[in-house]
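Heads up, the thing below is written out as C-alpha coordinates.
When a ligand or atom number is given, it counts from 1 through the structure's own listing order. The structure displayed is predicted, hence computed values, not measured ones.
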Amino acid sequence: MSDPKKLFVKTYGCQMNVYDSERMAGALATRGYETTEDMAEADMILLNTCHIREKAAEKVYSELGRLKPLKAAKPDLRIGVAGCVAQAEGAEIMRRQPLVDLVVGPQAYHRLPEMDDAVQQGERALDTDFPQEDKFDHLPAARGPKASRAPTAFLTVQEGCDKFCAFCVVPYTRGAEVSRPVARLLAEAEDLVDRGVAEITLLGQNVNAFHGAGPGGDWSLSRLIRKLAEIDGLKRIRFTTSHPNNMDDDLIAAHGEIEKLMPYLHLPVQSGSDTVLKAMNRRHTADEYLRLLDRIRAARPDIALSGDFIVGFPGETEADFEATLDLVDRVRYAQAYSFKYSARPGTPAAEREEVDENVKSERLARLQEKLTAHQQDFQHSMVGRTLPVLLEKPGREDGQLVGRSPYLQAVHLLADASQIGEIVDVRIVATQRNSLSAETI
Ligand code: 5AD
Ligand code: SF4
(Lines give C-alpha, C1' and ligand atoms only; values in the text may rest on other atoms or scores of the structure.)
(Ligands and ions follow the chains in the order given, each with its own letter.)
Protein backbone atom coordinates (compact mmCIF):
# COMPACT_ATOMS: atom_id res chain seq x y z
CA MET A 1 0.00 0.00 0.00
CA SER A 2 1.22 3.47 -0.81
CA ASP A 3 1.74 6.02 1.95
CA PRO A 4 -1.30 8.15 2.71
CA LYS A 5 -1.33 11.47 0.92
CA LYS A 6 -1.01 14.52 3.12
CA LEU A 7 -3.42 17.41 3.23
CA PHE A 8 -2.54 20.79 4.69
CA VAL A 9 -5.44 23.16 5.27
CA LYS A 10 -4.85 26.79 6.17
CA THR A 11 -7.99 28.28 7.68
CA TYR A 12 -8.79 31.96 7.73
CA GLY A 13 -11.68 33.76 9.37
CA CYS A 14 -14.66 32.54 11.26
CA GLN A 15 -15.63 29.42 13.15
CA MET A 16 -17.73 28.42 10.19
CA ASN A 17 -14.50 28.10 8.23
CA VAL A 18 -12.81 26.08 10.98
CA TYR A 19 -15.72 23.70 10.83
CA ASP A 20 -15.73 23.63 7.01
CA SER A 21 -12.00 22.82 7.02
CA GLU A 22 -12.70 19.75 9.14
CA ARG A 23 -15.40 18.71 6.76
CA MET A 24 -13.21 19.20 3.68
CA ALA A 25 -10.58 17.01 5.35
CA GLY A 26 -13.34 14.45 5.96
CA ALA A 27 -14.40 14.52 2.32
CA LEU A 28 -10.82 14.15 1.08
CA ALA A 29 -10.15 11.31 3.52
CA THR A 30 -12.24 9.23 1.10
CA ARG A 31 -9.40 9.77 -1.41
CA GLY A 32 -6.72 8.70 1.05
CA TYR A 33 -5.71 12.10 2.41
CA GLU A 34 -4.55 12.52 6.00
CA THR A 35 -4.17 15.97 7.46
CA THR A 36 -0.75 17.31 8.34
CA GLU A 37 0.39 20.36 10.29
CA ASP A 38 3.50 20.61 8.14
CA MET A 39 2.96 22.44 4.89
CA ALA A 40 6.30 21.21 3.53
CA GLU A 41 5.20 17.55 3.48
CA ALA A 42 1.77 18.24 1.96
CA ASP A 43 0.52 16.68 -1.26
CA MET A 44 -2.38 19.09 -1.27
CA ILE A 45 -2.58 22.58 0.20
CA LEU A 46 -6.00 24.13 0.64
CA LEU A 47 -6.46 27.76 1.59
CA ASN A 48 -9.87 28.09 3.24
CA THR A 49 -10.37 31.81 2.75
CA CYS A 50 -12.52 34.48 4.35
CA HIS A 51 -13.82 37.56 2.58
CA ILE A 52 -14.47 39.60 5.69
CA ARG A 53 -11.00 40.96 6.44
CA GLU A 54 -9.57 43.87 4.57
CA LYS A 55 -7.90 43.16 1.27
CA ALA A 56 -8.83 39.50 1.65
CA ALA A 57 -8.34 38.65 -2.00
CA GLU A 58 -4.95 40.37 -2.16
CA LYS A 59 -3.80 38.36 0.84
CA VAL A 60 -4.84 35.15 -0.89
CA TYR A 61 -2.83 36.08 -3.97
CA SER A 62 0.27 36.84 -1.95
CA GLU A 63 -0.13 33.59 0.00
CA LEU A 64 -0.40 31.75 -3.31
CA GLY A 65 2.74 33.52 -4.49
CA ARG A 66 4.59 32.17 -1.47
CA LEU A 67 3.61 28.61 -2.46
CA LYS A 68 5.43 28.89 -5.80
CA PRO A 69 8.75 27.38 -4.60
CA LEU A 70 6.91 24.44 -3.01
CA LYS A 71 5.10 23.71 -6.24
CA ALA A 72 8.33 24.07 -8.21
CA ALA A 73 10.02 21.53 -5.97
CA LYS A 74 7.04 19.16 -6.08
CA PRO A 75 5.13 19.43 -9.35
CA ASP A 76 2.47 16.98 -8.13
CA LEU A 77 1.53 19.28 -5.27
CA ARG A 78 -2.13 20.29 -5.53
CA ILE A 79 -3.11 23.76 -4.55
CA GLY A 80 -6.70 24.67 -3.87
CA VAL A 81 -8.60 27.75 -2.79
CA ALA A 82 -11.83 27.31 -0.83
CA GLY A 83 -14.13 29.56 1.18
CA CYS A 84 -15.70 32.90 0.49
CA VAL A 85 -12.92 34.42 -1.63
CA ALA A 86 -13.09 31.30 -3.83
CA GLN A 87 -16.84 31.78 -4.13
CA ALA A 88 -16.56 35.46 -4.96
CA GLU A 89 -13.64 35.44 -7.37
CA GLY A 90 -13.16 31.82 -8.44
CA ALA A 91 -12.61 32.35 -12.15
CA GLU A 92 -10.39 35.36 -11.50
CA ILE A 93 -8.18 33.28 -9.19
CA MET A 94 -7.80 30.63 -11.89
CA ARG A 95 -6.81 33.32 -14.37
CA ARG A 96 -4.38 35.17 -12.19
CA GLN A 97 -2.67 32.23 -10.54
CA PRO A 98 -1.79 29.35 -12.87
CA LEU A 99 -0.47 27.30 -9.95
CA VAL A 100 -3.98 26.89 -8.55
CA ASP A 101 -5.41 23.46 -9.39
CA LEU A 102 -8.82 23.78 -7.87
CA VAL A 103 -11.20 26.42 -6.61
CA VAL A 104 -14.18 25.34 -4.54
CA GLY A 105 -16.96 27.44 -3.03
CA PRO A 106 -18.60 26.72 0.34
CA GLN A 107 -21.60 25.11 -1.33
CA ALA A 108 -19.54 22.49 -3.14
CA TYR A 109 -17.21 20.91 -0.59
CA HIS A 110 -18.84 17.52 -0.97
CA ARG A 111 -17.60 17.49 -4.57
CA LEU A 112 -13.92 17.80 -3.54
CA PRO A 113 -13.14 14.09 -4.06
CA GLU A 114 -14.31 14.23 -7.70
CA MET A 115 -12.50 17.52 -8.18
CA ASP A 116 -9.34 15.85 -6.90
CA ASP A 117 -9.88 13.07 -9.45
CA ALA A 118 -10.15 15.68 -12.19
CA VAL A 119 -6.88 17.27 -11.08
CA GLN A 120 -5.34 13.79 -11.10
CA GLN A 121 -6.33 13.62 -14.80
CA GLY A 122 -4.44 16.85 -15.40
CA GLU A 123 -7.45 19.19 -15.35
CA ARG A 124 -8.06 22.29 -13.31
CA ALA A 125 -11.31 22.18 -11.36
CA LEU A 126 -13.59 25.07 -10.51
CA ASP A 127 -16.86 24.67 -8.63
CA THR A 128 -18.54 27.71 -7.19
CA ASP A 129 -22.09 26.77 -8.11
CA PHE A 130 -25.00 27.01 -5.76
CA PRO A 131 -26.53 23.58 -6.08
CA GLN A 132 -30.12 22.86 -5.10
CA GLU A 133 -29.15 19.72 -3.21
CA ASP A 134 -28.20 19.89 0.45
CA LYS A 135 -24.43 19.78 0.68
CA PHE A 136 -24.81 18.44 4.19
CA ASP A 137 -26.32 15.24 2.79
CA HIS A 138 -23.07 14.27 1.14
CA LEU A 139 -20.36 15.17 3.57
CA PRO A 140 -19.22 12.67 6.11
CA ALA A 141 -19.64 14.24 9.54
CA ALA A 142 -16.38 15.43 11.03
CA ARG A 143 -15.04 12.24 12.60
CA GLY A 144 -11.84 10.34 13.14
CA PRO A 145 -9.62 9.94 16.16
CA LYS A 146 -8.93 13.67 16.45
CA ALA A 147 -12.59 14.62 16.43
CA SER A 148 -13.48 11.91 18.91
CA ARG A 149 -10.98 13.24 21.48
CA ALA A 150 -11.85 16.93 21.33
CA PRO A 151 -14.44 17.75 24.00
CA THR A 152 -15.87 20.66 22.01
CA ALA A 153 -17.43 20.64 18.55
CA PHE A 154 -19.19 22.88 16.09
CA LEU A 155 -22.50 21.97 14.54
CA THR A 156 -23.67 24.03 11.57
CA VAL A 157 -27.41 24.55 11.85
CA GLN A 158 -27.93 27.09 9.11
CA GLU A 159 -25.99 28.84 6.39
CA GLY A 160 -26.39 31.96 4.41
CA CYS A 161 -28.25 35.13 5.18
CA ASP A 162 -31.20 37.12 3.85
CA LYS A 163 -30.44 40.32 5.71
CA PHE A 164 -28.33 42.16 3.11
CA CYS A 165 -26.48 44.53 5.37
CA ALA A 166 -25.08 47.10 2.97
CA PHE A 167 -21.42 46.27 3.70
CA CYS A 168 -21.59 42.48 3.73
CA VAL A 169 -20.81 39.84 1.11
CA VAL A 170 -22.35 36.90 2.94
CA PRO A 171 -25.76 37.01 1.20
CA TYR A 172 -23.92 36.92 -2.12
CA THR A 173 -21.16 34.41 -1.33
CA ARG A 174 -23.03 32.07 1.01
CA GLY A 175 -26.42 32.63 -0.55
CA ALA A 176 -29.89 32.70 0.90
CA GLU A 177 -30.64 31.50 4.40
CA VAL A 178 -30.97 27.70 4.59
CA SER A 179 -31.69 25.83 7.82
CA ARG A 180 -30.89 22.17 8.32
CA PRO A 181 -33.62 19.72 9.35
CA VAL A 182 -34.01 19.14 13.07
CA ALA A 183 -33.82 15.33 12.93
CA ARG A 184 -30.41 15.50 11.26
CA LEU A 185 -29.12 17.97 13.80
CA LEU A 186 -30.29 15.92 16.75
CA ALA A 187 -28.73 12.77 15.27
CA GLU A 188 -25.43 14.55 14.66
CA ALA A 189 -25.44 16.06 18.13
CA GLU A 190 -26.05 12.64 19.73
CA ASP A 191 -23.28 11.18 17.62
CA LEU A 192 -20.88 13.90 18.74
CA VAL A 193 -21.77 13.34 22.38
CA ASP A 194 -21.30 9.57 21.96
CA ARG A 195 -17.78 10.33 20.83
CA GLY A 196 -16.99 12.35 23.91
CA VAL A 197 -18.07 15.86 23.01
CA ALA A 198 -19.23 17.82 26.05
CA GLU A 199 -19.83 21.20 24.44
CA ILE A 200 -21.51 21.98 21.13
CA THR A 201 -21.47 25.38 19.48
CA LEU A 202 -24.32 25.81 17.04
CA LEU A 203 -23.05 27.71 14.03
CA GLY A 204 -24.55 29.84 11.35
CA GLN A 205 -23.94 33.22 9.74
CA ASN A 206 -27.32 34.20 11.05
CA VAL A 207 -27.77 31.43 13.57
CA ASN A 208 -30.79 32.76 15.40
CA ALA A 209 -32.71 33.00 12.13
CA PHE A 210 -32.68 29.18 12.28
CA HIS A 211 -36.04 27.68 11.34
CA GLY A 212 -35.26 24.02 10.60
CA ALA A 213 -38.00 21.61 9.58
CA GLY A 214 -38.92 19.39 12.51
CA PRO A 215 -41.76 17.48 14.07
CA GLY A 216 -44.82 19.74 14.12
CA GLY A 217 -43.40 22.30 11.68
CA ASP A 218 -40.42 24.63 11.67
CA TRP A 219 -38.39 24.79 14.87
CA SER A 220 -36.83 27.96 16.21
CA LEU A 221 -33.28 28.03 17.55
CA SER A 222 -34.53 28.11 21.14
CA ARG A 223 -36.67 25.05 20.58
CA LEU A 224 -33.66 23.24 19.15
CA ILE A 225 -31.53 24.31 22.12
CA ARG A 226 -34.18 23.11 24.58
CA LYS A 227 -34.22 19.72 22.87
CA LEU A 228 -30.43 19.46 22.72
CA ALA A 229 -30.26 20.26 26.43
CA GLU A 230 -32.07 16.95 27.05
CA ILE A 231 -29.07 14.97 25.75
CA ASP A 232 -27.48 13.54 28.90
CA GLY A 233 -23.79 13.70 28.11
CA LEU A 234 -24.02 17.14 26.57
CA LYS A 235 -22.87 19.63 29.18
CA ARG A 236 -22.65 22.96 27.39
CA ILE A 237 -24.40 24.64 24.48
CA ARG A 238 -23.37 27.83 22.68
CA PHE A 239 -24.43 29.49 19.44
CA THR A 240 -23.00 32.09 17.12
CA THR A 241 -23.47 34.52 15.24
CA SER A 242 -26.77 36.23 15.94
CA HIS A 243 -28.61 39.21 14.51
CA PRO A 244 -30.40 41.44 17.06
CA ASN A 245 -33.67 41.26 15.11
CA ASN A 246 -33.83 37.50 15.50
CA MET A 247 -33.51 37.45 19.31
CA ASP A 248 -37.06 36.31 19.99
CA ASP A 249 -38.72 36.08 23.41
CA ASP A 250 -38.16 32.38 23.83
CA LEU A 251 -34.48 32.59 22.94
CA ILE A 252 -34.07 35.31 25.54
CA ALA A 253 -35.99 33.25 28.10
CA ALA A 254 -33.86 30.21 27.32
CA HIS A 255 -30.82 32.07 28.61
CA GLY A 256 -32.41 32.22 32.03
CA GLU A 257 -33.96 28.76 31.99
CA ILE A 258 -31.47 26.39 30.45
CA GLU A 259 -28.47 25.76 32.61
CA LYS A 260 -26.52 24.17 29.76
CA LEU A 261 -26.85 27.28 27.63
CA MET A 262 -23.69 29.22 28.44
CA PRO A 263 -23.90 32.86 29.58
CA TYR A 264 -22.12 34.32 26.56
CA LEU A 265 -23.76 36.02 23.62
CA HIS A 266 -22.13 37.39 20.49
CA LEU A 267 -24.59 39.99 19.25
CA PRO A 268 -23.04 42.38 16.73
CA VAL A 269 -24.37 45.92 16.52
CA GLN A 270 -21.78 47.41 14.11
CA SER A 271 -22.50 51.04 15.04
CA GLY A 272 -24.15 53.11 17.75
CA SER A 273 -25.47 55.76 15.34
CA ASP A 274 -29.02 55.47 14.05
CA THR A 275 -28.05 57.23 10.83
CA VAL A 276 -25.26 54.74 10.18
CA LEU A 277 -27.40 51.76 11.25
CA LYS A 278 -29.99 52.86 8.73
CA ALA A 279 -27.38 53.31 6.00
CA MET A 280 -26.07 49.85 6.84
CA ASN A 281 -29.57 48.41 6.47
CA ARG A 282 -29.38 46.88 9.95
CA ARG A 283 -33.10 47.53 10.49
CA HIS A 284 -32.94 48.51 14.15
CA THR A 285 -31.90 51.56 16.14
CA ALA A 286 -29.25 51.85 18.83
CA ASP A 287 -31.95 52.25 21.43
CA GLU A 288 -33.78 49.12 20.31
CA TYR A 289 -30.51 47.21 20.61
CA LEU A 290 -29.89 48.55 24.12
CA ARG A 291 -33.42 47.69 25.21
CA LEU A 292 -32.94 44.20 23.82
CA LEU A 293 -29.77 43.81 25.90
CA ASP A 294 -31.71 44.96 28.98
CA ARG A 295 -34.17 42.13 28.44
CA ILE A 296 -31.39 39.60 27.88
CA ARG A 297 -29.61 40.77 31.03
CA ALA A 298 -32.86 40.56 32.96
CA ALA A 299 -33.12 36.91 31.91
CA ARG A 300 -29.46 36.14 32.60
CA PRO A 301 -27.81 38.88 34.68
CA ASP A 302 -24.24 37.58 34.43
CA ILE A 303 -24.29 37.17 30.64
CA ALA A 304 -21.04 38.14 28.91
CA LEU A 305 -21.74 40.16 25.79
CA SER A 306 -19.65 40.29 22.68
CA GLY A 307 -20.02 42.41 19.56
CA ASP A 308 -18.71 43.38 16.15
CA PHE A 309 -18.08 46.97 15.10
CA ILE A 310 -17.31 48.69 11.84
CA VAL A 311 -15.75 52.16 11.95
CA GLY A 312 -15.58 54.53 9.02
CA PHE A 313 -18.66 53.24 7.22
CA PRO A 314 -19.38 55.55 4.24
CA GLY A 315 -20.94 58.74 5.59
CA GLU A 316 -19.94 58.14 9.23
CA THR A 317 -19.31 61.52 10.89
CA GLU A 318 -17.40 62.22 14.09
CA ALA A 319 -20.75 62.52 15.88
CA ASP A 320 -21.86 59.15 14.50
CA PHE A 321 -18.64 57.61 15.70
CA GLU A 322 -19.06 59.15 19.14
CA ALA A 323 -22.49 57.53 19.33
CA THR A 324 -20.72 54.19 18.89
CA LEU A 325 -18.32 55.03 21.73
CA ASP A 326 -21.30 55.99 23.84
CA LEU A 327 -23.08 52.71 23.13
CA VAL A 328 -19.92 50.79 24.00
CA ASP A 329 -19.70 52.63 27.31
CA ARG A 330 -23.25 51.67 28.12
CA VAL A 331 -22.93 48.00 27.20
CA ARG A 332 -19.43 47.29 28.51
CA TYR A 333 -18.71 44.29 26.31
CA ALA A 334 -16.75 41.36 27.71
CA GLN A 335 -15.30 40.76 24.27
CA ALA A 336 -15.46 42.52 20.91
CA TYR A 337 -14.21 42.56 17.36
CA SER A 338 -13.76 45.82 15.51
CA PHE A 339 -12.90 46.56 11.92
CA LYS A 340 -12.22 49.47 9.64
CA TYR A 341 -14.84 49.51 6.92
CA SER A 342 -13.51 48.16 3.66
CA ALA A 343 -15.54 48.05 0.47
CA ARG A 344 -16.61 44.63 -0.81
CA PRO A 345 -17.21 44.65 -4.55
CA GLY A 346 -20.85 44.02 -5.39
CA THR A 347 -22.28 45.30 -2.10
CA PRO A 348 -24.39 48.51 -2.02
CA ALA A 349 -21.97 50.33 0.29
CA ALA A 350 -19.12 49.79 -2.16
CA GLU A 351 -20.75 52.41 -4.41
CA ARG A 352 -20.61 55.09 -1.72
CA GLU A 353 -17.95 57.64 -0.96
CA GLU A 354 -15.39 56.36 1.53
CA VAL A 355 -14.27 57.96 4.77
CA ASP A 356 -10.63 59.04 4.74
CA GLU A 357 -8.28 56.19 5.61
CA ASN A 358 -6.48 58.14 8.35
CA VAL A 359 -9.80 59.01 9.97
CA LYS A 360 -10.76 55.35 9.93
CA SER A 361 -7.48 54.32 11.55
CA GLU A 362 -7.78 56.97 14.22
CA ARG A 363 -11.37 55.95 15.03
CA LEU A 364 -10.48 52.29 15.16
CA ALA A 365 -7.70 53.02 17.65
CA ARG A 366 -10.03 55.04 19.87
CA LEU A 367 -12.72 52.38 19.77
CA GLN A 368 -10.29 49.57 20.47
CA GLU A 369 -8.80 51.41 23.43
CA LYS A 370 -12.25 51.55 25.00
CA LEU A 371 -13.20 47.97 24.11
CA THR A 372 -9.91 46.67 25.51
CA ALA A 373 -10.39 48.58 28.76
CA HIS A 374 -13.84 47.07 29.26
CA GLN A 375 -12.56 43.63 28.35
CA GLN A 376 -9.78 43.97 30.93
CA ASP A 377 -12.30 45.05 33.56
CA PHE A 378 -14.32 41.96 32.80
CA GLN A 379 -11.24 39.74 33.06
CA HIS A 380 -10.20 41.33 36.37
CA SER A 381 -13.69 40.88 37.81
CA MET A 382 -13.07 37.13 37.63
CA VAL A 383 -10.05 37.09 39.98
CA GLY A 384 -10.89 35.33 43.22
CA ARG A 385 -13.99 33.71 41.77
CA THR A 386 -14.64 30.01 41.43
CA LEU A 387 -15.67 29.00 37.92
CA PRO A 388 -16.51 25.69 36.27
CA VAL A 389 -13.99 25.18 33.47
CA LEU A 390 -14.27 22.64 30.68
CA LEU A 391 -10.74 21.28 30.21
CA GLU A 392 -10.07 21.22 26.48
CA LYS A 393 -6.45 20.56 25.60
CA PRO A 394 -2.82 20.70 26.73
CA GLY A 395 -1.46 24.20 27.33
CA ARG A 396 1.80 25.64 26.12
CA GLU A 397 3.71 24.73 29.28
CA ASP A 398 4.37 21.24 30.64
CA GLY A 399 1.63 19.87 32.87
CA GLN A 400 -0.68 22.71 31.91
CA LEU A 401 -4.17 22.41 30.46
CA VAL A 402 -6.33 25.05 28.79
CA GLY A 403 -10.05 25.15 29.24
CA ARG A 404 -12.94 27.57 28.87
CA SER A 405 -14.98 29.36 31.47
CA PRO A 406 -18.75 29.65 30.96
CA TYR A 407 -17.97 33.15 29.60
CA LEU A 408 -15.74 31.67 26.87
CA GLN A 409 -12.54 32.88 28.50
CA ALA A 410 -9.44 30.74 28.04
CA VAL A 411 -8.31 29.46 31.45
CA HIS A 412 -4.85 27.97 32.14
CA LEU A 413 -4.20 25.65 35.04
CA LEU A 414 -2.01 22.76 36.15
CA ALA A 415 -3.95 19.55 35.69
CA ASP A 416 -3.44 16.08 34.33
CA ALA A 417 -4.13 15.40 30.66
CA SER A 418 -6.43 12.53 31.69
CA GLN A 419 -8.86 15.22 32.86
CA ILE A 420 -9.41 16.63 29.36
CA GLY A 421 -13.14 16.65 28.72
CA GLU A 422 -14.06 17.18 32.38
CA ILE A 423 -15.65 20.27 33.87
CA VAL A 424 -13.81 21.21 37.06
CA ASP A 425 -14.36 24.01 39.56
CA VAL A 426 -11.27 26.20 39.70
CA ARG A 427 -10.26 29.37 41.49
CA ILE A 428 -9.19 32.22 39.22
CA VAL A 429 -5.92 33.64 40.52
CA ALA A 430 -4.71 36.02 37.80
CA THR A 431 -5.49 37.47 34.40
CA GLN A 432 -3.33 37.90 31.33
CA ARG A 433 -4.32 39.94 28.33
CA ASN A 434 -6.46 37.26 26.77
CA SER A 435 -6.69 34.52 29.34
CA LEU A 436 -7.10 33.66 33.00
CA SER A 437 -4.88 31.58 35.29
CA ALA A 438 -6.50 29.28 37.79
CA GLU A 439 -5.79 26.77 40.56
CA THR A 440 -7.72 23.60 41.14
CA ILE A 441 -9.61 23.51 44.42
N1 5AD B 1 -15.87 46.01 6.20
C2 5AD B 1 -15.47 45.88 7.49
N3 5AD B 1 -15.96 44.96 8.33
C4 5AD B 1 -16.87 44.08 7.85
N5 5AD B 1 -17.53 43.08 8.43
C6 5AD B 1 -18.34 42.51 7.51
N7 5AD B 1 -18.22 43.16 6.34
C8 5AD B 1 -17.32 44.15 6.52
C9 5AD B 1 -16.78 45.16 5.67
N10 5AD B 1 -17.17 45.31 4.41
C11 5AD B 1 -17.42 42.74 9.85
C12 5AD B 1 -18.76 42.93 10.57
C13 5AD B 1 -19.23 41.53 10.78
C14 5AD B 1 -17.93 40.81 10.97
C15 5AD B 1 -17.98 39.32 10.81
O16 5AD B 1 -17.08 41.37 10.00
O17 5AD B 1 -18.52 43.59 11.80
O18 5AD B 1 -20.11 41.39 11.88
FE1 SF4 C 1 -23.79 39.89 6.71
FE2 SF4 C 1 -24.53 39.31 9.23
FE3 SF4 C 1 -25.70 41.33 7.88
FE4 SF4 C 1 -26.18 38.79 7.17
S5 SF4 C 1 -26.72 39.78 9.13
S6 SF4 C 1 -25.76 40.50 5.80
S7 SF4 C 1 -24.17 37.85 7.55
S8 SF4 C 1 -23.54 41.20 8.53
Give me each pair satisfying ring-ring contact (aromatic ring centres under 6.0 Å, His included) with a member in residues 297-333, each pair once, sequence neighbours excluded. F309-Y333, F313-Y341
Establish, yes or no, whether a centroid distance under 6.0 Å links the rings of Y172 and F164. yes
Just checking Y407 against H266, ring centres under 6.0 Å apart? no
With heavy-atom distances below 4.0 Å as the criterion, list the atoms of ligand 1 near Q270. 12 (C), 13 (C), 17 (O), 18 (O)
Can a donor-acceptor pair be found between the side chains of S437 and Q432 at a distance below 3.5 Å? yes
Going by the order shown, which atoms of ligand 1 are within less than 4.0 Å of some heavy atom of F339? 2 (C), 3 (N), 11 (C), 14 (C), 16 (O), 17 (O)
Are R96 and E58 within salt-bridge range, i.e. N to O under 4.0 Å? yes
List the atom of E353, the atom of P314, and the distance in Å for their closest heavy-atom pair. O-CB, 3.3 Å
Are any of the N or O atoms of F167 closer than 3.5 Å to those of ligand 1? yes
If I compare all heavy atoms of L234 with all of K260, which pair ends up nearest, and what's the gap? O-NZ, 2.8 Å
Is the closest N or O pair between D308 and ligand 1 shorter than 3.5 Å? yes
Should the pair R124-D101 be classified as a salt bridge under the 4.0 Å nitrogen-to-oxygen rule? no
If you take the nearest heavy atom of each of H243, K360, K340, which one is closest to atom 2 (C) of ligand 1? K340
I need the protein N, O or S atoms closer than 2.8 Å to atom 3 (Fe) of ligand 2, given as residue plus atom name. C165 SG
